[in-house]
Amino acid sequence: MLTQAPKGTKDVLPTESGRWQRIETAMREACARAGYREVRTPVFEHTELFLRGVGDTTDIVQKEMYTFRDKGDRSVTLKPEGTAGVVRMVLEQKLYAEAMPLKLYYLNCPNFRYEKPQNGRLREFHQFGIEAFGAPEATVDAEQIALAWRLLEGLGIQNLTLHINSIGCPACRPVYHEKLKAFLGARLGKLCGTCKERFERNPMRILDCKNPECQQEIQGAPSILDCLCEGCQTHFGKLQAALAAMGIPFSLDPSIVRGLDYYTKTVFEIITETPNGPLTICGGGRYDGLVEQLGGPSLPGVGFGMGMERVLMVMKSQGIAPPEPNLVDVFVCTLGEAALLPGLGLVHQLRQAGVRADSDHMARSLKAQFKYADKCGAKYVAVLGEDELKDGVVTLRNMLTREERKIPLAEVAKAIS
RNA sequence: GUGGGUAUAGUUCAGCGGUUAGAGCGUCAGAUUGUGGCUCUGAAUGUCGUGGGUUCGAUUCCCACUACCCACCCCA
């Protein structure tokens, strides 16, 4: 127990951190190119924020949150998703007074959900996400989708599909709900237990049910797309036109409903194939009512979340190679007691000069030191033994060409550049 | 929350109701007393997940617990 990480958590090992850094760099660069700036919000927030923000009928809030009382008897919750915290920050810091649209991103943001872990699902997982506030236009939605799409594509991920849908707004969704309930009402008896519960509170989620019997009953259900009000219809049309203009392939998927209450109009998911079936690696949409609902001004917003672990998992399963380790440029081999400190001095001097340098601290055999240097991907090995010490030089070996030269101690950095 | 599977060396996995539990890879060392990758030789490392039961005897069979994996649910 003591030596075991808590259920649903994962260590990032030294052999894996290179992969993380690679996708982090790609994400930062994609955001920088599109004018998004990084923000960081606390790991926990007042529980109330998620009850109101994420929605208290959602599974996330009802059964998955890490909620506890702190020593001051405040109810706090480890954030289960990224958007609510960012919206809170925008309100508290009055960022809505800045130039619009306000474009923000977060990276490696830890999220917590108390679920049963399985393939691609952890209790602590990390998200990359972006949010844009203040612009109601569908081109912003499209821009974000394009950012996510090109990012994943750029990482070399294959088999991506983009599914988009519109779930309407407070004006047209109730109309659709009534139509849907009229349709489902007659079949209520045949639906599964969860769907029966959803019927009153959130009938659209029934469309998302994976139960084959429910799927059977859902056949022929009215589509939200036929019930959109004029505004939502226009918005959805513009989204599609904008995606087409950017060359992003998409498919309309009325079953994309999303499990968070705050979405309006655009919802989307980017799905990839894994050996275990399809997996959503990015999901998001528009939330025009959320800021106001949390007590702020009427401020439209749109964003997505991308699961970092899922991106890495998919890359690994698709055989996308990790970056080369290549830990050192020069490895300094010392021979004998007398060479130890001069060797350490040389390593230090090289590091000061910006060279990645390392040496053996254990006075091991030259052979062992060479082997270690090789494992570290050293391009050069500098040997410092009795003979070299006498002349104030090192024997510098190019590990690729096996060529060796005597180089004065002070000129090693120059010799390898 | 529901259902299925697994747990043996650092790791991937064999194995068997009976003396001293094995292999590949990795690690370390030697062959080469100052030179890496390849090869050969050798060495170290295990409360056989934890607790109970059956048995003369359990790592092996049974039960519980825990963890991991997988599916449902849900989602990133």
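Chain letters run A, B, ... following the sequence lines, proteins first and then strands; every chain starts at 1.
Spacing between atom CG of L384(A) and atom P of rU35(B) amounts to 16 Å, rounded to whole angstrom units. Distance CG (L160(A)) to P (rA76(B)): 17 Å, rounded to an integer number of Å. In this entry the distance linking CE of M362(A) with C1' of rA29(B) reads 13 Å, nearest Å. As a whole-Å value, the separation of R121(A) CZ from rC69(B) C1' is 13 Å. Rounded to whole Å, atom C1' of rA76(B) lies 9 Å from atom CD1 of I60(A). Counting to the nearest Å, the C1' atom of rA76(B) and the CE atom of M65(A) are 17 Å from each other. Between the CZ atom of R123(A) and the P atom of rC69(B) there is a distance of 11 Å, given to the nearest Å. Note: CZ (F370(A)) to C1' (rA31(B)) measures 18 Å, nearest angstrom.
Looking at heavy-atom distances under 4.0 Å, A368(A) makes contact with sugar-phosphate atoms alone, never a base. Base engagement by L122(A) is indicated by at least one non-hydrogen atom pair under 4.0 Å involving a base atom. Within 4.0 Å (heavy atoms only), L366(A) reaches at least one base atom of the nucleic acid. Across all strands shown, C282(A) has heavy atoms under 4.0 Å from sugar-phosphate atoms exclusively, and none from any base. Residue G129(A) is classed as having no contact, given no heavy-atom separation below 4.0 Å to the nucleic acid. E404(A) comes within 4.0 angstrom of a base, heavy atoms only. Within 4.0 Å (heavy atoms only), G377(A) reaches no atom of the nucleic acid at all.
In the displayed structure, E386(A) atom CD is contacted under 6.0 Å by at most 12 heavy atoms of other residues, nucleotides or ligands. Counting non-hydrogen atoms of neighbouring residues, nucleotides and ligands closer than 6.0 angstrom, the CD atom of E337(A) reaches no more than 12 such neighbours. R40(A) CZ: 12 or fewer foreign heavy atoms inside a 6.0 Å radius.
rA44(B) sits 23 Å from rG37(B) when the P atoms are compared, rounded to a whole Å. Distance noted for atom P between rU6(B) and rG46(B): 27 Å (whole Å). For the P atom pair drawn from rG26(B) and rG5(B), the interatomic distance equals 35 Å after rounding to whole Å. rG49(B) and rA7(B) have their P atoms separated by 8 Å, with the value rounded to a whole Å. Between rU39(B) and rU8(B), the distance separating the two C1' atoms is 31 Å to the nearest Å. Straight-line distance between the P atoms of rC72(B) and rA64(B): roughly 26 Å, to the nearest whole Å. If you take atom C1' in rU11(B) and the same atom in rG51(B), they sit 27 Å apart, rounded to whole Å. rU66(B) and rG10(B) have their P atoms separated by 25 Å, with the value rounded to a whole Å.
Between the side chain of K79(A) and the backbone N or O of P42(A) there is at least one donor-acceptor pair closer than 3.5 Å. With hydrogens and angles disregarded, no donor-acceptor distance shorter than 3.5 Å links the side chain of N398(A) to the backbone of R402(A). The backbone N or O of Y105(A) lies less than 3.5 Å from no partner atom in the side chain of E131(A), so there is not a single donor-acceptor pair. A donor-acceptor contact shorter than 3.5 Å links the side chain of E81(A) to the backbone of A84(A). The closest donor-acceptor contact from the side chain of R187(A) to the backbone of F183(A) lies under 3.5 Å. A donor-acceptor pair under 3.5 Å is formed between the side chain of N165(A) and the backbone N or O of I256(A). In this structure, the side chain of Q293(A) does not engage the main chain of G53(A) through any donor-acceptor pair within 3.5 Å.
With hydrogens and angles ignored, a donor-acceptor pair under 3.5 angstrom links the side chain of E115(A) to the base of rA76(B). No hydrogens or angles were tested; on distance alone, a donor-acceptor pair under 3.5 Å links the side chain of R113(A) to the base of rA76(B). A donor and an acceptor atom never sit less than 3.5 Å apart when one is taken from the side chain of Q62(A) and the other from the base of rG1(B).
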Identify each atom pair where a protein N or O and an N or O of nucleotides 2-11 of chain B are less than 3.5 Å apart, giving names and distance.
unit_1 : atom_1 : unit_2  : atom_2 : d
rU2(B) : O4     : K116(A) : NZ     : 3.1

Report all interatomic pairs (protein N or O, nucleotide N or O of nucleotides 25-27 of chain B) with separations under 3.5 Å.
unit_1  : atom_1 : unit_2  : atom_2 : d
rU27(B) : OP1    : K375(A) : NZ     : 2.9

Polar atom pairs (N or O), protein with nucleotides 37-39 of chain B, under 3.5 Å:
unit_1  : atom_1 : unit_2  : atom_2 : d
rG37(B) : O4'    : D374(A) : OD2    : 3.1
rG37(B) : N7     : R402(A) : NH2    : 3.3
rG37(B) : O6     : R402(A) : NE     : 2.5
rG37(B) : O6     : R402(A) : NH2    : 2.7

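Looking at the side chain of K7(A), the nearest of the listed nucleotides rC73(B), rC69(B), rA67(B) is rA67(B). Comparing rA71(B), rG34(B), rA76(B) by their nearest atom to the side chain of E386(A) picks out rG34(B).
Using a cutoff of 4.0 Å between basic side-chain nitrogens and carboxylate oxygens, E403(A) and R397(A) are not scored as salt-bridged. Between D141(A) and K238(A) there is no salt bridge, since no side-chain nitrogen of the basic residue lies less than 4.0 Å from a carboxylate oxygen of the acidic one. Of the charged side-chain nitrogens involved, none lies within less than 4.0 Å of a carboxylate oxygen, so that D391(A) and K406(A) do not count as a salt-bridged pair.
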Dot-bracket encoding of pairs in RNA chain B, which uses [ ] for pseudoknotted crossings and | for another strand, Watson-Crick or G-U under 3.5 angstrom: (((((((..((((....[...)))).(((((.......))))).....(((((..]....))))))))))))....
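Under the salt bridge (charged side-chain N to carboxylate O under 4.0 Å, His left out) criterion, D360(A) pairs with R364(A), not counting sequence neighbours.
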Below 3.5 Å, can you tabulate the donor-acceptor pairs from side chains in residues 8-18 of chain A to any protein atom, sequence neighbours excluded?
unit_1 : atom_1 : unit_2 : atom_2 : d
T9(A)  : OG1    : P6(A)  : O      : 2.6
E16(A) : OE1    : L13(A) : N      : 3.2
S17(A) : OG     : P14(A) : O      : 3.2

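Checking D387(A) against Y372(A), the closest nucleotide of RNA chain B that is more toward the 5' end is the one next to Y372(A). Taking for each of G385(A) and M308(A) the nucleotide of RNA chain B with the nearest heavy atom, the 5'-most of the two is the partner of G385(A).
Note on N111(A): every side-chain N or O is 4.0 Å or more away from OP1 and OP2 of rA76(B). Proximity of Q127(A) to the phosphate of rA76(B): no side-chain N or O atom is located under 4.0 Å from OP1 or OP2.
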Stepwise ring pair (Phe, Tyr, Trp, His ring centres under 6.0 Å) test for F331(A) and Y372(A): CA-CA 9 Å; F331(A) 192 89; Y372(A) 184 73; 5.7 Å; yes
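For R123(A) and Y114(A), the positive end sits near the middle of the six-membered ring, less than 6.0 Å away and at most 45° from its axis.
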